[in-house]
Amino acid sequence: MEETIKNSSADTEQKEEKLKKEEVKAEAPGADREPETAGKEAAKEKKSEPDPLAVAQAQVEELKDKYLRAVAEFDNYRKRTLKEKAELILNGGEKTISAILPILDDMERALENGKKTEDAKVIREGMELIFNKFVKVLEAQGVKKIDTTDADFDTDIHEAVAMVPGMGDDKKGKVLDCVQTGYKLNDKVIRHAKVAVGA
């Protein structure tokens, strides 16, 4: 009986030692492998890391593609804006012309009616109505008359065509008479008022 107990306790000790050795081998990776096998696995790990040259080349290709797309988009934008600009130049006055056409119709009617009557007063009244309508259309388009009544001479809006001396100190540098009316378009002078100025 004692021998059986000794044998089983010896077997248990051997099993425990064997387990300890296996645990030590498991904790040390590559310890149970041959050096050649461990070297191959290390080479595989290095190969799994991306090659810096390949990464740089991929980035260059991506940036080249983006650059070509941007250049193409800009070229399309440039062509589109040139086309729009050409259309604006050709048809930019369409709105103004459309607003003026009814006045042209009124003038045609006035000329036809003028043939039927000899009354100058009626013709004059018709012309005044057309003139007032025309002024309103121009104002709607942003055109305004430059007022010269009792104005100081201003080279930004006036053009002196005559200097009138001997008008007195109170008229010196003042607009005395407007020879040709000036106009502004949206506060920009498109035609200077031609005036006579006191000297």
Side-chain angles (χ1 to χ4, degrees), residues 60-199:
V60 165
E61 286 300 317
E62 184 183 346
L63 291 172
K64 185 178 176 183
D65 182 57
K66 285 181 181 178
Y67 168 74
L68 290 174
R69 287 177 189 273
V71 167
E73 283 177 17
F74 178 75
D75 193 43
N76 289 339
Y77 166 77
R78 187 180 56 80
K79 287 176 183 174
R80 188 173 62 249
T81 51
L82 283 173
K83 184 181 177 185
E84 288 172 359
K85 189 176 179 181
E87 285 177 3
L88 278 173
I89 290 167
L90 288 173
N91 304 319
E94 183 180 347
K95 182 182 172 187
T96 306
I97 299 298
S98 297
I100 292 172
L101 287 177
I103 297 163
L104 184 63
D105 296 336
D106 289 347
M107 291 182 81
E108 284 177 354
R109 281 192 291 272
L111 288 171
E112 288 297 318
N113 290 334
K115 291 176 185 175
K116 296 175 185 174
T117 184
E118 295 293 325
D119 190 357
K121 186 179 177 185
V122 173
I123 295 171
R124 188 171 59 247
E125 284 176 0
M127 293 301 289
E128 284 175 0
L129 288 170
I130 293 169
F131 175 77
N132 291 334
K133 186 175 182 180
F134 188 58
V135 168
K136 284 180 183 175
V137 167
L138 288 178
E139 284 176 354
Q141 299 300 316
V143 178
K144 291 182 182 174
K145 183 180 175 182
I146 296 173
D147 188 26
T148 57
T149 309
D150 296 327
D152 291 328
F153 179 72
D154 184 356
T155 54
D156 290 335
I157 58 174
H158 301 132
E159 180 184 336
V161 292
M163 299 295 286
V164 183
M167 296 299 291
D169 289 341
D170 59 328
K171 296 288 184 181
K172 202 170 196 179
K174 295 269 190 186
V175 173
L176 301 176
D177 186 29
C178 182
V179 179
Q180 186 180 57
T181 307
Y183 292 95
K184 289 182 179 181
L185 176 62
N186 300 322
D187 295 327
K188 179 187 175 187
V189 176
I190 55 173
R191 187 172 84 180
H192 290 76
K194 293 184 178 179
V195 296
V197 184

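Remember, it's a predicted structure, so these values are computed and weren't measured experimentally.
Distance check: Leu138 CG to Lys145 NZ gives 12.0 Å after rounding to the nearest 0.5 Å. Once rounded to the nearest 0.5 Å, the distance linking CD1 of Ile97 with CG of Leu104 reads 10.0 Å. Atom CG in Leu176 sits 9.5 Å away from atom CE in Met163 (nearest 0.5 Å). Distance CD/Glu87 to CD/Glu94: 11.0 Å, rounded to 0.5 Å.
The residues Lys66 and Glu62 are annotated as salt-bridged, a charged nitrogen and a carboxylate oxygen being separated by less than 4.0 angstrom.
Qualifying side chain to side chain donor-acceptor pair (under 3.5 Å) partners for Arg80, counting only residues two or more places apart in sequence or in other chains: none. In this view, Arg78 and Asp75 satisfy the side chain to side chain donor-acceptor pair (under 3.5 Å) rule, not counting sequence neighbours. With sequence neighbours excluded, the residues that form a side chain to side chain donor-acceptor pair (under 3.5 Å) with Arg109 are Asp106.
Among the candidates Thr148, Val161, Ile146, the single residue satisfying the side-chain contact (heavy atoms from CB on, under 4.5 Å) test with Cys178 is Thr148.
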Can I get a per-line list of side-chain donor-acceptor pairs under 3.5 Å for residues 120-132, giving both atom names and the distance, sequence neighbours left out?
unit_1 : atom_1 : unit_2 : atom_2 : d
Asn132 : ND2    : Glu128 : O      : 3.2

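With a 4.5 Å cut-off on side-chain heavy atoms, Leu185 and Tyr183 do not count as touching. Put simply, the side chain of Gln141 does not reach to within 4.5 Å of the side chain of Ile100, judged on heavy atoms.
Around CD of Glu118, the count of heavy atoms belonging to other residues, nucleotides or ligands within 6.0 Å does not exceed 12.
The two atoms that bring Ala196 and Val164 nearest to each other are CB-CG2, 4.3 Å, heavy atoms only.
Residue pairs meeting the side-chain hydrogen bond (donor to acceptor under 3.5 Å, both in side chains) criterion with at least one member in residues 187-199: none, sequence neighbours excluded. Sorted by first and then second residue, the side-chain hydrogen bond (donor to acceptor under 3.5 Å, both in side chains) pairs with a member in residues 149-164 read Asp147-Thr149, Asp152-Lys174; sequence neighbours excluded.
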